[in-house]
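Structure record follows, encoded as structure tokens.
In this text the structure is predicted, and so the values were computed from the model without any measurement. The figures here come from the full heavy-atom set of this structure, side chains too, leaving out hydrogens, waters and symmetry mates.
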Amino acid sequence: MGEHVSIITELANRYLGHAALALLAALHVKPENPELPIPQHVVMGLVVLALVTLCALILRPKLSVEKPGAMQQIAEMLITNPMRFGIRDILDETVDHGGRAYIYVVGAISLFVLFSNLMSLFPLFTAPTGHVSVPLACASITFLYFNWQGIRHRGAWGYLKHFAGPLWWMAWLIFPVEIISTIARLLSLTVRLYANIFSSDLIYALFLSLLAQASLWGWDKHPVLGIALGIFPATIPLIFIALHLLVATVQAFIFTVLPAVYLGMATAEEH
């Protein structure tokens, strides 16, 4: 089943496709679809980056302690809130010391994932995280970042040593298991996000298609029957929109918690 191409993707390729083809040719990379050298998930990912940047630029000059606006209050809720599931709250709880120093990278990835997951709720847009390469890129950045912070905190030898565990005589067994477990985090982060967003979009499209076919069948029999069968499909999307909103938010939350946990484990003090 081919992916529906958004008009935004078509416009991006119409005006920037030649430049993209030239760049790919210089890198000796052959595009999967020469007619659309800039894939849809890349276009949507760039749109997300532009939207998040624009929101930050609009919000920054309006920041106020005395009279915070609605946009500032939403942004602050994402950072910290009474329920303790903000980005800063999660880092404070999962990283022993100095967790807030990691808020820029963890927060940037978390917001990108959240906005990306929500994109498919709007007409003409699709969720870039519904394509496996985007979750893989986010997971790769996270993987490299928490390992790099572990090396910075412990030193290269100290970081490798912590994979061996506290019992030296069990190191030969524990070390390869820990290495495999750490590498598996890359796959876990990727598959969890991709599978949930892709399946949420797919279920929504399938059910909407089936219900629309029922309405068309009823219309062929009698217009009144078609209208009656069309009332139900008109309300179903609201249920799936709510479901997708829940899935998108939960997956962004998980993509905040797990990187924070991995950072806490990589930088934990030895006792």
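Heavy-atom contacts from other residues, nucleotides or ligands closer than 6.0 Å to CD of Glu32 number 12 or fewer. Taking a 6.0 Å sphere around CZ of Arg152, one finds it holds 12 or fewer heavy atoms contributed by other residues, nucleotides or ligands.
For the side chain to side chain contact (heavy atoms under 4.5 Å, CB included) test, residues two or more places apart in sequence or in another chain that qualify with Leu121 are Leu118, Ile241, His244, Leu245. For Ile180, the side chain to side chain contact (heavy atoms under 4.5 Å, CB included) test picks out no residue, with sequence neighbours left out. Every side chain to side chain contact (heavy atoms under 4.5 Å, CB included) that Thr53 has, sequence neighbours left out, goes to Leu57. For Arg192, the side chain to side chain donor-acceptor pair (under 3.5 Å) test picks out Ser188, with sequence neighbours left out. Partners of Thr94 by side chain to side chain contact (heavy atoms under 4.5 Å, CB included), not counting sequence neighbours, listed by chain and number: Ile90, Ala260, Val261.
Within the 3.5 Å criterion, the main-chain N or O of Ala164 finds no donor-acceptor partner in the side chain of Glu178. Under a 3.5 Å cut-off, the side chain of His162 and the backbone N or O of Tyr159 do form a donor-acceptor pair.
When side chains are defined from C-beta on, Thr9 counts as touching Met44, because their heavy atoms get closer than 4.5 Å. Here the side chains of Arg88 and Ile79 are in contact, with some heavy-atom distance below 4.5 Å. Side-chain atoms of Val52 and Phe112, non-hydrogen and from C-beta on, never get closer than 4.5 Å to each other. Within the 4.5 Å cutoff, no side-chain heavy atoms of Lys62 are placed close to those of Met71.
Interatomic distance, OG1 of Thr142 versus CG of Leu258, reported as 9.5 Å (0.5 Å rounding). With values rounded to the nearest 0.5 angstrom, Ile38 atom CD1 is found 9.5 Å from Leu23 atom CG. Atom CG in Asn147 sits 9.5 Å away from atom CG in Leu263 (nearest 0.5 Å). Note that the CG atom of Leu144 and the CD1 atom of Ile141 stand 8.0 Å from one another [nearest 0.5 Å]. Interatomic distance, CD1 of Ile8 versus CE of Met119, reported as 6.5 Å (0.5 Å rounding). A distance of 5.5 Å separates OG of Ser6 from CD of Gln40, quoted to the nearest 0.5 Å.
In the hydrophobic clustering of this structure, Val29 does not group with Leu136; members are Ile, Leu, Val, Met, Phe, Trp, Tyr whose side-chain heavy atoms approach within less than 4.5 Å, directly or through other members. Leu46 and Phe115 end up in the same hydrophobic cluster when Ile, Leu, Val, Met, Phe, Trp and Tyr side chains are linked at under 4.5 Å. Hydrophobic clustering keeps Leu78 apart from Leu54 (ILVMFWY residues linked when any side-chain heavy atoms are closer than 4.5 Å, directly or through intermediates). The hydrophobic clustering, which links ILVMFWY residues whose side-chain heavy atoms are closer than 4.5 Å, places Leu202 and Val132 together. The hydrophobic cluster containing Leu51 also contains Val42, counting ILVMFWY residues as joined when their side-chain heavy atoms lie under 4.5 angstrom apart, directly or transitively.
Scanning all heavy atoms of the two residues, the minimum distance from Phe255 to Cys138 falls at CZ-CB, 3.7 Å. Here the shortest heavy-atom pairing between Ala252 and Val113 reads CA-CG1, 3.9 Å. The two residues Thr267 and Arg154 come nearest to each other via the heavy atoms C-NH2, 4.4 Å. Annotation for Leu189 and Tyr262: closest pair CD1-CE1, 4.0 Å, computed over non-hydrogen atoms. Between Leu24 and Pro31, the shortest heavy-atom contact is CD1-CB, 3.9 Å. Between Gly17 and Pro37, the shortest heavy-atom distance links the atoms O-CG, 3.5 Å.
Between Thr256 and Ser110, the side chains place a donor N or O and an acceptor N or O closer than 3.5 Å (distance only, hydrogens not considered).
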* To do: Evaluate the side chain to side chain contact (heavy atoms under 4.5 Å, CB included) criterion for residues Gln72 and Leu63: first the C-alpha distance (whole Å), next the side-chain angles of each, then the deciding distance (0.1 Å), finally the verdict.
  => CA-CA 7 Å; Gln72 179 178 338; Leu63 293 177; 3.8 Å; yes
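In this structure, the ring of Phe143 has its center less than 6.0 angstrom from the ring center of Phe146.
Under the side-chain contact (heavy atoms from CB on, under 4.5 Å) rule, Asn117 has a single partner from Thr249, Thr129, Val48, which is Thr129.
Contacts classified as ring pair (Phe, Tyr, Trp, His ring centres under 6.0 Å) and involving residues 174-199 (residues at least two apart or in different chains) are given here: Tyr194-Phe198.
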